Amino acid sequence: MPELPEVEVVRAGLEPAVSGATINSVEVFDTRSLRRHDSSRGDFARLLIGRRIAAAARRGKFLWLPLADAAAASALVIHLGMSGQVLLREAGASPDAVARDRHVRIRLGLDHPDHGEFALHFADQRIFGSMALDALVPTPDGAPGGHGFDAPLVPGQVAHIARDPLDPAFSDAAFFDALAHKKTEIKRALLDQTLISGVGNIYADEALWAARVHYAQPTATLGAGRARTLLAEIRLVLAKALAEGGTSFDAQYVNVNGTSGYFSHSLNVYGQSGKPCPRCGRTLTRVAFMNRSSHFCTHCQKIRG
DNA sequence: AGCGAGCCCTGCGCGC
DNA sequence: TGCGCGCAGGGCTCGC
C-alpha cells in the first residue's frame with residue numbers, strides 16, 4: 001500500500017536509470033491500466049515512442065516522468081494505486097522476461113546513452129494504479145511542481161493534489177488555517193489529498209497515535225499547538241519510513257529493483273489491534289472508519305475540547 | 001461544503 | 001477440498 005515513503009523510494013530508484021533515456025517501445029498488455037489516460041490526447045504508445053525522459057518527479061503519491069523534446073510540455077504520469085510496482089529489467093522481448101514478473105500491465109523499452117537498453121515493467125495486481133500521458137501545467141505558487149523536478153510545472157491530473165509535508169514549498173500556515181476553518185474530523189483531513197498529500201491510512205494512524213490525537217477529533221477544535229505537534233509527527237513518521245525504505249505487508253510493494261521495502265515491523269498501531277499500546281500498555285483498538293480501518297489507543301488518544 | 005455510498009480490482013484467508 | 005464471502009484500500013464520481 002504505497003504511501004509517500006514507498007513512492008519516493010521508487011522515484012529515487014528510477015531517477016538515475018530513466019533520466020536521459022529514450023522510449024523505444026511501448027507494450028500495453030492491459031488497457032485497464034490506462035484508465036487515467038485521456039485518449040483524446042492521442043494513442044498512449046504513439047505519444048511516448050521516440051520521446052526522451054528528462055527526470056523522475058513526485059508529489060504525494062503521484063509520480064511523473066517529464067518528457068523532453070516536445071513542443072508542449074508533457075509527462076508520463078504514474079500512480080501505483082494499491083499494488084502498483086515499477087520494475088527495471090534487462091532488455092529483451094522474450095515472453096519469459098515479462099512472465100517472471102507477475103501482473104505486468106505495461107512494458108516500456110528504454111535506451112539510455114550511458115547504460116544502454118533496459119525495460120521498465122509497470123506491474124499492478126489490483127489495477128487501482130495507472131499510467132497516463134498528460135500535459136504539464138504551471139504551479140499556482142510558482143514553486144517547483146514536485147520532488148525531483150525543478151520546473152514550476154505539474155501534470156494537469158495532479159494539479160489539484162496538495163503539496164506533501166516533505167515538500168519545501170509546503171505551507172504549514174495554510175495547512176493549519178485549513179484545519180481551523182474546516183468542519184470535518186482530523187483523519188478525514190489527513191487523507192484528503194487536496195489538503196496535504198502523501199499520507200494514507202497507515203501513516204495517518206501512526207502519526208495520530210504519535211501525536212496522541214483521536215482520529216475523529218474535529219479539526220476546528222484541534223488547537224494550534226496540537227496541530228503543530230501532529231504535523232511534526234507526520235513528518236517524523238514519513239521520514240522514518242523513508243529511511244527504512246518503505247513499508248510492505250505482503251510483498252505487494254517492491255522497489256524498482258524488485259526487492260521488498262520493509263518497515264511494517266516498526267508500526268506502533270496500524271494492524272496492531274489487540275496488542276498492547278507501545279506507550280501505555282492498554283489494548284489497541286480497531287474500528288471501521290471511512291470504508292477502511294482506524295487503529296488507535298482509547299487511552300492515549302481521546303477527543304479533546 | 002461535507003460526507004456516505006459505490007465503483008474500480010485481485011487475491012488472500014477464513015468459515016463451513 | 002472447494003466454494004463463497006469478507007477484507008484490504010487510493011482516487012474518483014454521484015447524490016443527498
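In the text below, chain A, chain B and the rest are named by the order of the sequence lines, each starting its count at 1. All figures in this text were calculated on a predicted structure; none of them were measured in a lab.
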*Look at the side-chain N and O atoms of R35(A) and state whether any lies under 4.0 Å from the OP1 or OP2 oxygen of dG11(C).*
no
*Grab the CZ-P distance between R105(A) and dC8(B) for me, whole Å please.*
16 Å
*asked:* At less than 4.0 Å, is any side-chain N or O atom of H79(A) found next to OP1 or OP2 of dG11(C)? Yes or no.
replied: yes
*Do the side-chain N or O atoms of R36(A) get closer than 4.0 angstrom to the phosphate oxygens (OP1, OP2) of dC8(B)?*
no
*asked:* On the nucleotide dA8(C), are OP1 or OP2 found under 4.0 Å from the side-chain N or O atoms that S293(A) carries?
replied: yes
_Let's test your reading of the model: under 3.5 Å, does the base of dA8(C) pair with the side chain of R126(A) as donor and acceptor?_
yes
*What is the distance, rounded to the nearest whole Å, between atom CD1 of I202(A) and atom P of dA8(C)?*
12 Å
*Does a side-chain N or O from H160(A) land closer than 4.0 Å to OP1 or OP2 of dC12(C), or not?*
yes
_Check this one for me: any side-chain N or O of S83(A) less than 4.0 Å away from OP1 or OP2 of dT10(B)?_
no
*So what's dT1(C) paired with, Watson-Crick or G-U wobble, going by both distances under 3.5 Å?*
none
*Are F118(A) and H112(A) near enough that their ring centres are under 6.0 Å apart?*
no
*Using only side-chain N and O atoms of R292(A), determine if any of them is under 4.0 Å from OP1 or OP2 of dC7(C).*
no
*asked:* Looking only at the side chains, is there a donor atom on one of H121(A) and R107(A) sitting less than 3.5 Å from an acceptor on the other?
replied: yes
_Separation of atom NZ in K183(A) from atom P in dA1(B), rounded to whole Å_ = 11 Å
*Can you check whether K182(A) has a side-chain N or O nearer than 4.0 Å to OP1 or OP2 of dA1(B)?*
no
*Among dC9(B), dG11(B), dG2(B), the nucleotide that comes nearest once only the side chain of H103(A) is considered*: dG11(B)
*Using a cut-off of strictly less than 4.0 Å, decide whether Q193(A) has a side-chain nitrogen or oxygen near OP1 or OP2 of dG11(C).*
yes
*Roughly how many Å is it from CD1 in I186(A) to P in dC3(B), rounded to a whole number?*
12 Å
_Options dG11(C), dT10(B), dC7(C), nucleotide nearest the side-chain atoms of I127(A)_ = dT10(B)
*Once the angle between the rings of F175(A) and F170(A) is folded into 0 to 90°, is it parallel (under 30°), tilted (30 to 60°) or perpendicular (over 60°)?*
tilted
*Rounded distance in Å - CZ (F122(A)) to P (dC9(B))*: 14 Å
*Provide, to the nearest angstrom, the distance between the CG atom belonging to D192(A) and the C1' atom belonging to dA1(B).*
12 Å
_Polar contact flag, side-chain donor to acceptor under 3.5 angstrom, H295(A)-D205(A)_ = yes
*asked:* Using a heavy-atom cut-off of 4.0 Å across all strands, would you classify H181(A) as base, sugar-phosphate, or nothing?
replied: nothing
*Integer-rounded Å distance: dC12(C) P and F62(A) CZ*: 5 Å
*Quiz item: cation-pi between R58(A) and W64(A), 6.0 Å / 45°*: no
*Send over the distance from M290(A) CE to dA8(C) P, rounded to a whole Å.*
14 Å
*Is the closest basic N to carboxylate O distance between K61(A) and E3(A) below 4.0 Å?*
no
